[in-house]
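Below: one structure, written as structure tokens.
Remember, predicted model here, so these are calculated numbers, not experimental data. We number each residue from 1, following the sequence as shown. Every number for a ligand or one of its atoms is a count from 1 in the order of the listing.
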Amino acid sequence: MKVVKFGGTSVSSAGQIKKVFQIVTADPERKIIVVSAPGKRKKDDIKVTDLLIKCGEEYCKTGNGKEAFLAVVDRYAEIAHELGVSEHIVDRIAADLQEILHGDRSNVSRFMDAVKASGEDNNAKLIAAYFQSCGVEAHYVNPKEAGLFLTDEPGNAQVLPEAYEQLKKLRDRSGVLIFPGFFGYSKTGEIVTFSRGGSDITGSILASAVGATVYENFTDVDAVYTVNPNFVDNPKEIHEISYKEMRELSYGGFGVFHDEALIPVFRAGVSVNIKNTNNPNHPGTKIVHHRNNQNGPVVGIASDTGFSNIYVNKYLMNREIGFGRRLLQILEDFHLSYEHTPSGIDDISVILRQNQLDLATERKVLERIKSELHADEVHIEHDLAMIMIVGEGMRQAIGTMSRAAAAFARSGVNILMINQGSSEVSMMFGVKAADEKKAVQALYEEFFN
Ligand SMILES: Nc1ncnc2c1ncn2[C@@H]1O[C@H](COP(=O)(O)OP(=O)(O)O)[C@@H](O)[C@H]1O
Ligand SMILES: N[C@@H](CC(=O)OP(=O)(O)O)C(=O)O
């Protein structure tokens with residue numbers, strides 16, 4: 001039995017959904033089908049999830065968000081019409097969304113989760129109806145009834161261990177099961193979503209629960225590339241990659257597969273196959289426990305922007321027991337999560353996501369660090385990019401760091417921070433965000449050309 005996830009681009013229009021139908025019915029093993037909300041049809045299109053977010057935010061502010069609401073309903077209406085599915089389903093989708101929008105808005109994050117989740121939920125119902133209209137036994141499955149229970153963290157939920165036992169029973173159901181991605185339910189019955197891109201996580205949980213032979217993840221590229229295809233033309237494809245390498249690269253900025261989707265399949269030993277809905281015969285990329293390590297120390301280069309660095313200097317910091325704990329406690333008091341903490345004898349840097357900070361919070365954090373920790377110097381730097389090179393082969397290879405540093409030097413990019421050591425399979429470099437593309441291209445030249 002296979003679990004198959006189709007991302008937003010694969011279900012963005014009637015034409016794409018017809019391809020999904022062909023792919024699913026071509027292999028009787030493709031039984032549990034996870035679908036996202038309609039995504040982008042072309043580069044400058046808007047994903048239904050983003051339209052829903054706009055709509056929900058406007059309802060919260062003004063009690064009205066007619067334009068975004070109509071844009072969402074129009075997307076489904078166009079798809080239903082072109083698929084030849086009964087138009088009644090569109091009326092039901094509109095009524096369902098209206099009901100959510102006019103529901104309880106007292107808890108904004110809960111309300112927003114219900115609005116966002118409707119994107120996947122309604123698309124799953126529509127796709128199930130299309131499969132049925134083609135004479136295939138297909139059933140929409142509601143995540144609550146199936147037992148997909150999550151922690152009660154709106155917009156950032158995690159699966160509860162007891163969900164797996166319930167979800168295992170999906171094995172025994174007949175027909176093709178169309179399961180909406182991205183959300184589940186808390187133990188008290190509230191809708192909660194994963195973080196953005198979380199339909200990958202739903203697929204991974206289901207594949208693990210039912211012990212799938214493989215988790216196929218269909219998207220709009222032939223394979224996971226060694227580098228973001230928006231930075232390098234025709235980058236080399238990765239044919240095989242380990243879970244650990246893929247998790248690091250996803251975390252580092254490879255948007256193609258969610259980093260939290262690796263853990264459930266890794267624990268259950270289910271391999272993942274990333275494939276292209278527009279070219280399903282291409283073998284794609286396989287994510288496995290162990291790969292044949294034959295292609296050099298680096299398997300991929302990832303990058304992401306939007307980081308800040310809080311730099312703290314204090315003479316004899318190395319002798320002050322508890323300094324690091326007290327510094328991180330200040331961040332915890334402001335509910336700030338951090339990504340890395342490289343340190344020296346008298347200095348420590350805390351790298352964190354910039355979007356967590358507003359000006360007032362930033363000022364308060366810096367003031368507390370200065371006054372409570374008696375630091376000699378505290379400052380913050382914004383607009384940084386983190387660039388990561390990843391590969392299991394690095395463990396044995398000598399000179400990977402010097403090759404990377406030489407590539408940075410050749411491209412004239414100044415390295416602001418290096419983090420290597422904690423992870424055996426990656427090295428991370430902090431640079432100015434403006435240098436991101438240049439640095440990535442230089443590393444690609446060095447390791448892949
Ligand atoms: N290293 C990479 N390899 C492949 N695709 C990548 C990589 N880095 C970023 N991407 C982007 O990820 C996109 C696919 O992910 P996503 O947009 O989430 O698709 P889906 O709609 O299937 O969920 C690709 O179109 C590509 O632009
Ligand atoms: N639709 C949700 C969940 C998701 O996984 O979407 P996609 O498959 O388009 O990345 C989002 O945009 O976050």
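Residue contacts with ligand 1 do not include Ser199, since none of its heavy atoms lies under 4.0 Å from the ligand. Within the structure, ligand 2 has Lys5 among the residues with a heavy atom less than 4.0 angstrom away. For Gly181, the closest heavy-atom approach to ligand 2 does not fall below 4.0 Å. Residue contact annotation: Gly198 has a non-hydrogen atom under 4.0 Å from ligand 2. For the ligand labelled ligand 2, residue Glu120 lies inside the 4.0 Å heavy-atom shell.
Against a heavy-atom cut-off of under 4.0 Å, Gly8 is close to the following atoms of ligand 2: 7 (P), 8 (O), 9 (O). Residue contact check: Lys5 has heavy atoms under 4.0 Å from atoms 23 (O) of ligand 1. Those atoms of ligand 1 with a heavy atom of Thr9 less than 4.0 angstrom away are 20 (P), 21 (O), 22 (O). Shown in contact with Thr219 at under 4.0 Å from a heavy atom are these atoms of ligand 1, numbered in order with element: 14 (C), 15 (O), 19 (O), 20 (P), 22 (O).
Looking at ligand 2, you won't find any N or O of Asp200 less than 3.5 Å from one of its N or O atoms. No N or O atom of Gly7 sits closer than 3.5 Å to an N or O atom of ligand 2. Taking distance alone, with nitrogen or oxygen atoms compared against 3.5 Å, Thr9 stays at or beyond that limit from ligand 2. Remark: ligand 1 and Gly8 share an N or O pair separated by less than 3.5 Å (distance only, no angle test).
Under 3.5 Å, the side chains of Glu436 and Thr305 contain no donor-acceptor pair of N or O atoms. Asp358 and Thr361 are linked by a side-chain donor-acceptor pair at a separation below 3.5 angstrom, with hydrogens and angles left out of the test. A donor atom on one side chain and an acceptor atom on the other are found under 3.5 Å apart for Ser109 and Asn107. Between the side chains of Ser204 and His258, no donor-acceptor pair is found at a separation under 3.5 Å. No side-chain N or O of Glu248 forms a donor-acceptor pair with one of Tyr243 less than 3.5 Å apart.
Nearest protein neighbour of atom 11 (C) of ligand 2, counting heavy atoms only, is Arg196 NE, 3.3 Å. The protein heavy-atom contact nearest to atom 5 (N) of ligand 1 is Val256 CB, 3.7 Å. Protein heavy atom at the shortest distance from atom 10 (O) of ligand 2 is Lys47 NZ, 3.6 Å. Among protein heavy atoms, atom 10 (N) of ligand 1 sits closest to Pro229 CD, 4.0 Å. Closest protein heavy atom to atom 8 (O) of ligand 2: Ser36 OG, 2.7 Å. Considering only non-hydrogen protein atoms, atom 3 (N) of ligand 1 sits nearest to Tyr225 N, 2.9 Å.
In Ser199, the parts holding a heavy atom less than 4.0 Å from any atom of ligand 2 are both the side chain and the backbone.
In this structure, of Leu249, Asp220, Thr285, Val221, the residue bringing a heavy atom nearest to atom 13 (C) of ligand 1 is Asp220.
A salt bridge does not link Asp152 to Lys187: none of the charged nitrogens lies less than 4.0 Å from a carboxylate oxygen. Under 4.0 Å is where a charged nitrogen must lie from a carboxylate oxygen, and between Arg410 and Glu445 no such pair does.
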*asked:* Working note: Asp45 + Lys43, criterion salt bridge (Lys or Arg N to Asp or Glu O under 4.0 Å); need CA distance, chi angles, decisive distance, verdict.
replied: CA-CA 6 Å; Asp45 202 6; Lys43 241 194 164 80; over 6 Å; no

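Sequence neighbours left out, the pairs with a member in residues 254-269 that pass salt bridge (charged side-chain N to carboxylate O under 4.0 Å, His left out) are Arg247-Asp259.
Listed by chain and number, the residues in a side-chain contact (heavy atoms from CB on, under 4.5 Å) with Ile418 are Met401, Ile415, Phe429 (sequence neighbours excluded).
Aromatic ring pairs are classed by plane angle as parallel below 30°, tilted from 30° to 60° and perpendicular above 60°; the pair Tyr215 and Phe257 is tilted.
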